[in-house]
Number of protein chains: 2
Amino acid sequence: MTTSLSTTPVFQTIKDYLLREIQKGTWKEGDAIPSEAALAQQFNVSRMTVNRAVRELTTEQILNRIQGSGTYVAQQKYQATLVAIKSIAEEIRSRGHEHRSELHELVEVEANEQLAQQFQVQPGHALFHSVIVHFENDIAIQVEDRWVNSILAQDYLTQDFATKTPNEYLMAVAPLQGVDYSIEAVIPPKTIADMLQISSKESCLVLHRKTRSQNQIATIVTMWHPGNRYQFTGSF
Amino acid sequence: MTTSLSTTPVFQTIKDYLLREIQKGTWKEGDAIPSEAALAQQFNVSRMTVNRAVRELTTEQILNRIQGSGTYVAQQKYQATLVAIKSIAEEIRSRGHEHRSELHELVEVEANEQLAQQFQVQPGHALFHSVIVHFENDIAIQVEDRWVNSILAQDYLTQDFATKTPNEYLMAVAPLQGVDYSIEAVIPPKTIADMLQISSKESCLVLHRKTRSQNQIATIVTMWHPGNRYQFTGSF
DNA sequence: TAGTGGTCTAGACCACAGC
DNA sequence: CTGTGGTCTAGACCACTAT
């Protein structure tokens, strides 16, 4: 067998294929996917290559493997965690309050070194950048500083974020594959403090979130909240 | 080469070896570990087997690999997982760091009006109260202010929390039924700031958590962390 | 250029599940 | 028993880094 000519490794191609088919519904939760031998034949590669693809999807909890039996699509987990990817607008409305947002920036930019690394793309790759302030009953409650991969959301710039938040739009165009987040307490830079109408000595509760879709980084967002009037909650 | 006779796979043996050496300090953060070829020779196995061990440690963020250069011990991050109700001691040890705790208070009290309401018991109900400061490599990283329902943990007062944290003890005696939590950024009261050895102007990342067991409120805990050196992370 | 990791092969033997 | 996954080999070629 000659080595793949494209730059993407074969095992990655197979992972993508399996993910796509699962998303398409070809195999539903609990269904068995083809055996390693079958996939090896289908892709005309060695079994070890298929094994790596399937093994990695197993550690990513996409699949379950049972020795002697087969490989199955895993159950989607209930994640009622704090970062339920809920739109802030929806959250505010569910409290019976009025939601309003102000668009402070909406531009296309070329990824610099650092952003390129975070998005796992080449420097110069097109990204969208938006900064939106969300108000609950006219009180600033969140600054949403968002970077979006242009490939996954081509018409991001033409959206009307007053009627549909970036979150709501992105959920529609880029099916969510995974999320990483971290939460910290930080003293905000002055620009953020001003937008939140707080002193730059008050600390903020900051949520960083990176979402994956179609095996790419879809969006990286930093949400700044006034520490004294916001908290994350959850239960399980 | 014959297959290993022991039941543990060779790649796992190599992972264990590498983790042990890192923990021992043989290679510190940023140091290069031996090359794949060297490890293959050392363990008398094929390079692919070593590759799997090292690759998995890389996805687990224990190592960094740079093609053409080498494999290096990754930077340990101050991070906690939210979703797992993990003992802070265990978390610190899993980073290869030393955990130490100081007991500041351990008493039995009668629930006042407010506590009684939170615990859903009658005022006067017996509760235990403990305040413990946790250190990671002698740096204060958490103040754990805990209230415990005496019914579910009768011998709470006689525990040695230096060897077993309250969390570990409670997990053993009171099977977890459910959890509610909230996270906020707060300026700490002076007593807390002093225990964390920070200025009372620096904000804290605070996790409130209420756990249920046997259909009662088992424990209500407030954990204070220095905002500038602690964050919660997670992914799904 | 020599050394490193990144990937892949075409076999192999084993343990386990299900018929 | 057959078919599945679990592991391992002894090579190979490639891309990249450091010198």
Side-chain angles (χ1 to χ4, degrees), chain A residues 1-18 21-22 27 30-74 113 116-117 120-123 215, chain B residues 1-18 21-22 27 30-74:
Chain A
M1 246 358 74
T2 56
T3 313
S4 159
L5 289 177
S6 82
T7 52
T8 38
V10 180
F11 78 87
Q12 186 61 55
T13 306
I14 298 174
K15 285 180 72 172
D16 292 347
Y17 164 77
L18 293 172
E21 293 300 313
I22 290 170
W27 311 301
D31 287 359
I33 69 166
S35 72
E36 291 192 353
L39 288 168
Q41 189 171 26
Q42 175 180 341
F43 284 89
N44 197 18
V45 297
S46 103
R47 206 194 115 199
M48 271 302 283
T49 303
V50 172
N51 179 272
R52 174 163 175 188
V54 178
R55 181 157 36 79
E56 290 191 0
L57 288 176
T58 303
T59 57
E60 291 164 27
Q61 315 227 11
I62 311 286
L63 300 172
N64 291 325
R65 316 200 79 180
I66 302 175
Q67 186 174 139
S69 172
T71 302
Y72 307 88
V73 179
E113 195 73 29
Q117 190 169 27
Q120 296 170 19
V121 296
Q122 294 302 314
N215 273 321
Chain B
M1 243 2 72
T2 55
T3 312
S4 158
L5 289 176
S6 83
T7 52
T8 38
V10 180
F11 78 88
Q12 187 60 55
T13 307
I14 297 174
K15 286 180 72 173
D16 293 344
Y17 164 77
L18 293 172
E21 293 300 314
I22 291 170
W27 312 300
D31 287 359
I33 70 165
S35 72
E36 291 193 353
L39 288 169
Q41 189 171 25
Q42 175 180 342
F43 284 89
N44 198 16
V45 297
S46 105
R47 208 195 112 199
M48 271 304 282
T49 303
V50 173
N51 179 273
R52 174 163 176 188
V54 178
R55 181 157 36 78
E56 291 192 359
L57 288 176
T58 303
T59 57
E60 291 164 28
Q61 315 227 9
I62 311 287
L63 299 173
N64 290 325
R65 316 200 77 181
I66 302 175
Q67 186 175 137
S69 173
T71 302
Y72 305 88
V73 179

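Please read these numbers as outputs of a predicted model, since none were measured by experiment. Chain A is the first sequence line, chain B the second, and so forth, proteins listed ahead of strands; every chain is numbered from 1.
- Atom CZ in Phe43(A) sits roughly 17 Å away from atom P in dT7(C) (whole-Å rounding).
- The nearest whole Å value for the distance from the CZ atom in Arg55(A) to the C1' atom in dG6(D) is 9 Å.
- Side-chain contact between Gln12(A) and Tyr17(A) is absent, with no heavy-atom pair separated by less than 4.5 Å.
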Grab the N/O contacts between the protein and nucleotides 1-5 of chain C below 3.5 Å, and write none if there aren't any.
from, atom 1, to, atom 2, distance (Å)
dG3(C), N2, Gly68(B), O, 2.8
dT4(C), O2, Gly68(B), N, 3.2
dG5(C), OP1, Thr71(B), OG1, 3.0
dG5(C), OP2, Glu36(B), N, 2.9

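- Listed nucleotides dC8(C), dT9(D), dT9(C) differ in distance to Pro9(A); the shortest reach to its side chain belongs to dC8(C).
- In this structure, Arg52(A) places its CZ atom 18 Å from C1' of dA10(C), rounding to the nearest Å.
- Across the protein-nucleic acid pair, Met48(A) atom CE and dT9(D) atom P stand 10 Å apart, rounded to whole Å.
- A straight line from CG of Asp31(A) to P of dT4(D) spans 16 Å, rounded to a whole angstrom.
- Side-chain atoms of Ser69(B) never come within 3.5 Å of backbone atoms of Ile66(B) as a donor-acceptor pair (strictly under, hydrogens ignored).
- In this structure, Leu57(A) atom CG and dG6(D) atom P are separated by 13 Å, rounded to whole Å.
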Is there a side-chain hydrogen bond (donor to acceptor under 3.5 Å, both in side chains) between Arg55(B) and Asn51(B) once you walk through the steps? CA-CA 6 Å; Arg55(B) 181 157 36 78; Asn51(B) 179 273; 3.1 Å; yes

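- No option in Leu18(B), Thr49(B), Val45(B) other than Leu18(B) meets the side-chain contact (heavy atoms from CB on, under 4.5 Å) test with Leu39(B).
- The side chain to side chain donor-acceptor pair (under 3.5 Å) search around Arg65(A) returns Glu36(A), Thr71(A), not counting sequence neighbours.
- Minimum interatomic distance between Trp27(B) and Ala32(B) (heavy atoms only, all atoms of both residues): CD1-O, 3.9 Å.
- One interatomic measurement links the two molecules: OH of Tyr72(A) to P of dA17(C), which rounds to 11 Å at whole-angstrom precision.
- Atom pair Asn64(A):CG and dA17(C):C1' shows a separation of 16 Å (rounding to whole Å applied).
- One finds a side-chain N or O of Thr49(A) lying less than 4.0 angstrom from the OP1 or OP2 phosphate oxygen of dT9(C).
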